[in-house]
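In what follows, a single structure is set out as structure tokens and then discussed.
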Amino acid sequence: MTIHTGRHFLQIPGPTNVPDRVLRAMDRPVIDHRGPEFARLGAEVLEGLRPVFQTKGPVVIYPASGSGAWEASIVNTFSPGDCVLMFETGHFSNLWRDVAERMGLRVDYVPGNWRRGVAPAEVEARLSADKNHVIQAVMVVHNETSTGVRSRIAEIRQAIDRAKHPALFMVDTISSLASMDYRHDEWGVDVTVAGSQKGLMLPPGLSFNAISEKALAANKTAELPRYYWDWQEMLKPNRQGFFPYTPATNLLWGLREALLMLQEEGLTNVFRRHDRHAEATRTAVRAWGLEVLCEEPKEYSSSLTAVLMPEGHSADRLREVILENFEMSLGTGLAKLAGKVFRIGHLGHFNDLMLAGTLGGVEMGLRLAGVPHKAGGAAAALASLVESHQQAGTKKPVPESVLS
Ligand SMILES: Cc1ncc(COP(=O)(O)O)c(C=O)c1O
């Protein structure tokens with residue numbers, strides 16, 4: 001048995017490393033979820049979440065993984081047989097499509113090659129052709145975690161507007177919220193789906209729906225059966241900071257601390273940090289002579305990078321070697337990408353030296369596993385990090401309030 005020392009490097013694209021501050025905030029006795037202390041906690045986190053989604057509207061919190069928030073987005077807004085437009089960006093768009101179909105929706109699913117995001121022109125064309133407004137919603141995964149490809153949400157909104165189509169717009173931000181720029185109100189999103197275990201730096205177990213007024217109106221006539229996920233049942237007690245059922249109390253203490261950390265850093269700085277780490281990671285990949293899966297630079301993810309293996313070499317063997325020797329977990333290739341790609345998570349509670357360790361581990365792993373590559377990727381990433389510091393000057397980023 002190998003004895004490991006030091007910290008484990010959890011560099012999968014979520015769940016991510018949980019900051020000690022958040023762990024300590026959760027390490028406390030469970031309190032009465034019908035009492036006054038809980039009401040204060042509930043009110044604080046429900047309010048504090050809004051700026052993270054960049055919305056003035058309500059955000060509901062489910063004691064559930066992200067899949068629960070997917071189901072909630074659907075059962076709250078549709079009736080059986082409704083038609084929705086979805087796009088194949090990868091494994092997670094496939095799964096969200098499956099949820100919609102199981103709930104009895106008809107899905108118009110636009111095929112994709114898993115290396116590109118949703119094409120805004122395609123959205124416009126499909127909606128323009130839908131003269132009778134049969135399509136009830138456009139549903140897009142913002143950051144496809146299986147591929148490291150980002151879809152351009154603002155441009156998709158413009159495409160919907162150009163088609164003058166009344167469809168709802170729903171976006172999965174499970175691996176982009178609090179890592180990549182995202183604006184629920186400004187981009188006219190009706191339901192945003194999110195989870196706790198990635199940019200929010202929490203353990204798995206909470207998920208979210210941010211809800212527009214248009215989605216609330218659709219909710220009034222939506223006939224799909226719902227109980228646990230029902231927005232109305234949730235929103236009523238939420239007004240006093242309470243939940244309709246037992247909430248995940250200690251995760252909410254963690255959420256409160258994570259929101260404070262995001263507030264202290266400032267969302268703009270959080271996004272900039274993720275952009276820098278993603279850029280440095282791609283620099284390393286190119287220097288190794290390997291290929292980033294995402295084909296379009298405008299669609300690079302800032303929270304993870306999926307790397308294609310050279311022909312004949314298994315990504316899972318490489319991941320195994322890295323885990324055994326360097327105590328680092330990297331993301332596996334999912335579904336049709338199994339064995340073909342590995343994914344480097346660089347999101348959440350993360351900094352330059354953690355990235356240096358991560359890329360150092362990948363480079364040593366490539367060598368140990370006998371994967372053909374050029375040496376020097378990690379060093380190239382360090383140079384990229386230094387250069388971005390030089391460009392920013394010696395000024396420290398100015399924190400801005402995200403909670404006020
Ligand atoms: C983009 C995306 N959507 C949905 C999910 C499903 O969330 P969960 O596994 O928390 O149910 C994930 C999980 O990684 C994801 O990355």
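- Taking the side-chain hydrogen bond (donor to acceptor under 3.5 Å, both in side chains) definition, one finds that Asp172 meets it with Trp70, sequence neighbours left out.
- In plain terms, the two heavy atoms of Pro63 and Tyr245 that are nearest each other are CD-CE1, 3.6 Å.
- Under the side chain to side chain contact (heavy atoms under 4.5 Å, CB included) rule, Met201 has a single partner from Leu262, Asn17, Leu255, which is Leu262.
- Of the possible polar contacts, none joining the Asp230 side chain to the Tyr227 backbone as a donor-acceptor pair under 3.5 Å is found.
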(request) Mind running side-chain contact (heavy atoms from CB on, under 4.5 Å) on Leu251 and Met26 for me, showing each step along the way? (result) CA-CA 6 Å; Leu251 280 174; Met26 292 188 299; 3.9 Å; yes
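- Considering Val307, Val341, Val149, Thr305 as possible partners of Val292, the one that fulfils the side chain to side chain contact (heavy atoms under 4.5 Å, CB included) test is Thr305.
- Side chains of Gln158 and Pro120 form no contact here, defined as non-hydrogen atoms less than 4.5 Å apart.
- Within a 6.0 Å sphere centred on CZ of Arg7, other residues, nucleotides and ligands contribute 12 heavy atoms or fewer.
- For Glu155 and Lys298, the salt-bridge test fails: no basic side-chain N is under 4.0 Å from an acidic carboxylate O.
- A salt bridge links Arg317 with Glu320; the closest basic N to acidic carboxylate O contact falls under 4.0 Å.
- For residues 359-378, no pair satisfies salt bridge (charged side-chain N to carboxylate O under 4.0 Å, His left out), with sequence neighbours left out.
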(request) List the steps, then state whether side chain to side chain donor-acceptor pair (under 3.5 Å) holds for Asp352 with His277. (result) CA-CA 7 Å; Asp352 288 11; His277 290 155; 2.8 Å; yes
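- In terms of heavy-atom proximity, Val140 sits nearest to Ser151 at CG1-CB, 3.9 Å.
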(request) Please lay out, stage by stage, how Glu279 and Arg282 fare under the test salt bridge (charged side-chain N to carboxylate O under 4.0 Å, His left out). (result) CA-CA 5 Å; Glu279 175 63 36; Arg282 291 190 297 268; 3.0 Å; yes
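- Between the Asp130 side chain and the Ile135 main chain, a donor and an acceptor come within less than 3.5 Å of each other.
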(request) Take Arg28 and Glu37 through the test salt bridge (charged side-chain N to carboxylate O under 4.0 Å, His left out) and record every step on the way to the result. (result) CA-CA 13 Å; Arg28 50 187 298 157; Glu37 190 180 7; 3.4 Å; yes
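- Val371 has its side chain out of reach of Trp288: every pair of non-hydrogen atoms, C-beta onward, lies at least 4.5 Å apart.
- For Arg40, there are no side-chain hydrogen bond (donor to acceptor under 3.5 Å, both in side chains) partners, not counting sequence neighbours.
- Minimum interatomic distance between Thr89 and Ser93 (heavy atoms only, all atoms of both residues): N-OG, 2.9 Å.
- Paired with Tyr182 under the rule side-chain hydrogen bond (donor to acceptor under 3.5 Å, both in side chains), one option of Thr192, Thr55, Asn143, Thr173 passes, and it is Thr192.
- Ring planes of Phe242 and Phe38: parallel class, angle under 30° (limits at 30 and 60°).
- Listed for the Ser128 side chain is no donor-acceptor partner under 3.5 Å among the backbone atoms of Ala125.
- Considering every non-hydrogen atom in both Val191 and Ala215, the closest pair reads CG2-CB, 3.8 Å.
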(request) Starting from the C-alpha separation in whole Å, work towards a yes-or-no answer on side-chain contact (heavy atoms from CB on, under 4.5 Å) for Thr77 and Trp231. (result) CA-CA 10 Å; Thr77 42; Trp231 289 342; 3.6 Å; yes
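- Looking only at distances, no side-chain donor or acceptor of His373 sits under 3.5 Å from a matching main-chain atom of Ala287.
- We find that Arg152 and Glu296 are not joined by a salt bridge, their nearest charged nitrogen and carboxylate oxygen being 4.0 Å or further apart.
- Salt bridge status for Asp316 with Arg319: present, with a side-chain N to carboxylate O gap under 4.0 Å.
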(message) Arg157 vs Asp161, test: salt bridge (charged side-chain N to carboxylate O under 4.0 Å, His left out). Steps then yes/no.
(response) CA-CA 6 Å; Arg157 172 76 256 170; Asp161 292 345; 2.9 Å; yes
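- Contact between Phe350 and Gln11 at its shortest, heavy atoms only, is CE1-NE2, 3.3 Å.
- With salt bridges taken as basic N to acidic carboxylate O contacts below 4.0 Å, none links Arg102 and Asp98.
- Residues His165 and His133 bring their aromatic ring centres within 6.0 Å.
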(request) Take Ser303 and Ser179 through the side chain to side chain donor-acceptor pair (under 3.5 Å) test and state the conclusion after the steps. (result) CA-CA 6 Å; Ser303 51; Ser179 304; 5.2 Å; no
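- When all heavy atoms of Val45 and Leu252 are compared, the closest pair comes out as CG1-O, 3.7 Å.
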